[in-house]
> 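Encoded as structure tokens, here's the structure I'll be asking about.
Hydrogens, waters and symmetry mates are skipped; everything else that's a heavy atom, side chains included, is used.
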Amino acid sequence: MYEQVSHSLLNAILDDLKPEIRRQDLRHFYTRLGANFYAIYSLFFTLYGHREDFKPQMLRLVETMAKGYINRSAELERVDIERELDHNWFLSQKWVGMALYTNGFADSLADLIDKIPYFQELGINMVHIMPILMCPAGKSDGGYAISDFLQIDDRLGDMDDFRQVAEEFRKRDILLVLDIVLNHTSDEHEWAKKAAMGERRYQDYYFMFDNREIPDMFEQNMPEIFPQSDPGSFTWNAETEKWVMTVFHDYQWDLNYSNPEVFIEMLDIILFWANQGVDVLRLDAVAFLWKKIGTSCQNERGAHLILQLMKDCCQVTAPGVLFIAEAIVAPVEIIKYFGEDAIIAKECEIAYNATLMALLWDGIATKNAKLLYQGVKNLPAKLERATWLNYVRCHDDIGFGFDDSDVRAVGYEPFQHRKFLVDYFSGQFDASPARGMVFMRNEETGDARICGSLASLAGLEAAQESGDPSMTSSAVNKILLLHSLILSFGGIPLLYNGDALGVVNDYSYRDDASKSNDNRWIHRPKINWERAELRNKQGTVEYSLFNALKKMIAIRKETAAFADFNDRELLDVNNEHLFCFIRFNYQRSSERVLVVANFDASPQYLDLEVISGRGINLHSQFIDLYSGRSPAQYDRRIVLQPYQFYWLTEI
């Protein structure tokens, strides 16, 4: 394909644009479209060039981008231009996020506005509002089975409420993150209903088959996502008398992105929410976007082409908006969701660091950092203009998807080690203080995941049951240790609703028929705001956790070395219980922070001679940024108490 071919097509498209679009002032739009059009054309041609309707679909694509630009407010256009001028703005250390369900953190979107002072008090300036779009009651998958992509769930509020939230966040420099479910719709979505009524156009939006021949071919290589509750990847629909692809739940119909109409529909939805004031779009289940017989239907090249095309189109209309890739896959695969460009993210600027999360929990269970060190050492380097979302706990289950070669390298057998972790966090050992629950055990493969709140997995629930102050102190220290690492590792730290208050498991989900068969609801509690006031009362767990995290966040924001510019050096300190790395100020490399974390329940020491050749002066005196004190240091060794961490700088 020659560039002049795409430019010739662009000129024809501009001539054919609807009159109401041609009359608009589209100066910035045309500049960005011209700069990106060859890439957009090439990707669209690769995906859909074989179709007879390629040119009219290309026209519709450009019209969708133009409509999105026309509907973008002057205020949001101003933000776009500011972020274009400072294109690395999101790599700053000042961003700290929190994920929450609206009706778990507040009562509604309107009430969420009243809770903004809590974010400011803690230091949160990026808020991921979990799914709030229209979903069927009882068949929502926690909000991820969308029946209307353009409407707010009326149990939470309406569009006016959402716009008010966006406006109030923007006034306070708080980034707004919203989920867009790309892979599937609810079976109650208008498209699915029309497909069920026999409309061929909308049946082509999904994967629908008259018999089991093709579904059987797909399922030969597709792993089961929910083997206990929803085995298989296809569901028989009696109304249409067809088999429908339903990779997740039987009420979630997978969208068919080999149809350009589906891509354009979803792009239109993305631009709609960008125009409501969303700063960051979390794109759900992106690993599943492209389906191909003979493969696992995950991480296919087509999925990456779809994301690249979405990013290019969004950069034309709303370049200030970022994408998060929700792809909980192996490190060698997750790194691809940043894109193929050697420097600039071409797909998603942000990706979940699920590997780090799982490795941190491994450190808690084993009381050593062997696998953590090995896994991080082999974590692929990210692109320059991309960043990790680092988290300890989220709304979903915890899977121990380590690379088997890393597990073997540190002396464990992969199957047995994963079994140990599941047993440990589900409290199967007397020595384990964790109070988690096993999620979706696959009896054939032995695979299983873990659910539970951070506090309960760290032992706080068991400590409160026993009334043992030393157990409580240990649990609190574990929680702070884990957060100290996500706050200093490099990337955007993401706290989960309730973790700053030590909220433990909520077993009330068992009494709700719509939730009782999904134990992930055990760690999706509603905040008790009366109890949350204990964060202001000295001597309480809430006070200890909240104020410690508040202090850590404030220090992070003032420490330039914690910005994310690939400026981390992992250190082997010859002590398997310690995890250690250096962070550098990318503008002044002499400014560094030595991060050390002790995963053991006993005191450990860091031998400075072991790391003296890594820019550390043996005779230096250190001060801990967090405590403001010099660490205990004797005979060129720094002592760390059980579950203690240091952020050390040389005096």
> Can a cation-pi geometry be assigned to K478 and Y643, taking NZ or CZ under 6.0 Å from the six-membered ring centre and within 45° of the ring axis?
yes

> Do the side-chain N and O atoms of D499 and H483 include a donor-acceptor pair separated by under 3.5 angstrom?
no

> Is it the case that the side chains of N585 and E591 hold a donor-acceptor pair, with the cut-off being a distance below 3.5 Å and no angle test?
yes

> Any side chain to side chain donor-acceptor pair (under 3.5 Å) pairs touching residues 457-472, not counting sequence neighbours?
S456-E461, E461-N505, E461-Y507, D468-S470

> Please indicate whether K419 has more than 12 foreign heavy atoms, meaning atoms of other residues, nucleotides or ligands, lying under 6.0 Å from its NZ.
no

> For D447, is there an ion pair with R441 - N to carboxylate O distance below 4.0 angstrom?
no

> Assess whether a salt bridge exists between R282 and D179, defined as any Lys/Arg side-chain N lying under 4.0 Å from an Asp/Glu carboxylate O.
yes

> If I compare all heavy atoms of I611 with all of D572, which pair ends up nearest, and what's the gap?
CG2-O, 4.4 Å

> Considering all heavy atoms of both residues, which atom of R449 and which atom of D397 are nearest to each other, and what is their separation?
NE-OD2, 2.9 Å

> List in chain and number order the residues that pass salt bridge (charged side-chain N to carboxylate O under 4.0 Å, His left out) with D506, two or more places apart in sequence or in another chain; answer none if no residue qualifies.
none

> Determine whether the aromatic ring centres of F489 and W388 lie less than 6.0 Å apart.
no

> side-chain contact (heavy atoms from CB on, under 4.5 Å) with D114: which residues, sequence neighbours excluded?
D111

> Are E168 and R172 ion-paired here, with the side-chain N under 4.0 Å from a carboxylate O?
yes

> Report yes if the distance between the aromatic ring centroids of W529 and Y118 is under 6.0 Å, otherwise no.
yes

> Could you pull out the closest heavy-atom pair between F599 and G363, with the gap in Å?
CD2-C, 3.4 Å

> Tell me if a side-chain donor or acceptor on H577 pairs with a main-chain N or O of K367 at a distance below 3.5 Å.
yes

> Sort out for me which residue in W521, Y144, Y352 forms a ring-ring contact (aromatic ring centres under 6.0 Å, His included) with H395.
Y144

> Can you tell me if R592 uses its side chain to pair, donor with acceptor, with the backbone of T649 under 3.5 Å?
no

> Between W647 and D624, what is the shortest heavy-atom contact and its length?
N-OD1, 2.9 Å

> Using the six-membered ring wherever Trp is involved, compare the ring planes of F400 and F425 and label them parallel, tilted or perpendicular (cut-offs 30° and 60°).
parallel

> Determine whether a donor-acceptor pair (N or O, by modelled atom type, separation under 3.5 Å) exists between the side chain of R556 and the backbone of K94.
no

> Do you see a donor-acceptor pair shorter than 3.5 Å between the side chains of Y509 and D518?
no

> Does atom OH of Y605 have more than 12 heavy-atom neighbours, drawn from other residues, nucleotides or ligands, at distances under 6.0 Å?
no

> Can D279 and R83 be counted as an ion pair, charged N to O under 4.0 angstrom?
yes

> Kindly confirm or rule out a cation-pi arrangement of K311 over F323, judged by NZ or CZ under 6.0 Å from the six-membered ring centre and within 45° of its axis?
yes

> Are any of the side-chain nitrogens in R418 or D404 under 4.0 Å away from the carboxylate oxygens of its partner?
yes

> Can you confirm if the NZ or CZ of K115 lies within 45° of the ring axis of F105 and under 6.0 Å from the centre of its six-membered ring?
no

> Look at R520 together with D396 and state whether they make a salt bridge at an N to O cut-off of under 4.0 Å.
yes

> Do Q604 and N575 meet the criterion of a side-chain donor-acceptor pair at a distance under 3.5 Å?
yes

> Taking E121 first and then R535, would you say they form a salt bridge - that is, a charged N and a carboxylate O separated by under 4.0 Å?
yes

> Taking all atoms of both residues into account, what is the closest heavy-atom pair of I527 and G498, and its distance?
CD1-CA, 3.7 Å

> Just to verify, what does N103 make a side-chain contact (heavy atoms from CB on, under 4.5 Å) with, not counting sequence neighbours?
Y101, L156

> I'd like to check the salt bridge (charged side-chain N to carboxylate O under 4.0 Å, His left out) partners of E542; sequence neighbours left out, ordered by chain and number.
R531

> Residues in salt bridge (charged side-chain N to carboxylate O under 4.0 Å, His left out) with K526, at least two apart?
D107

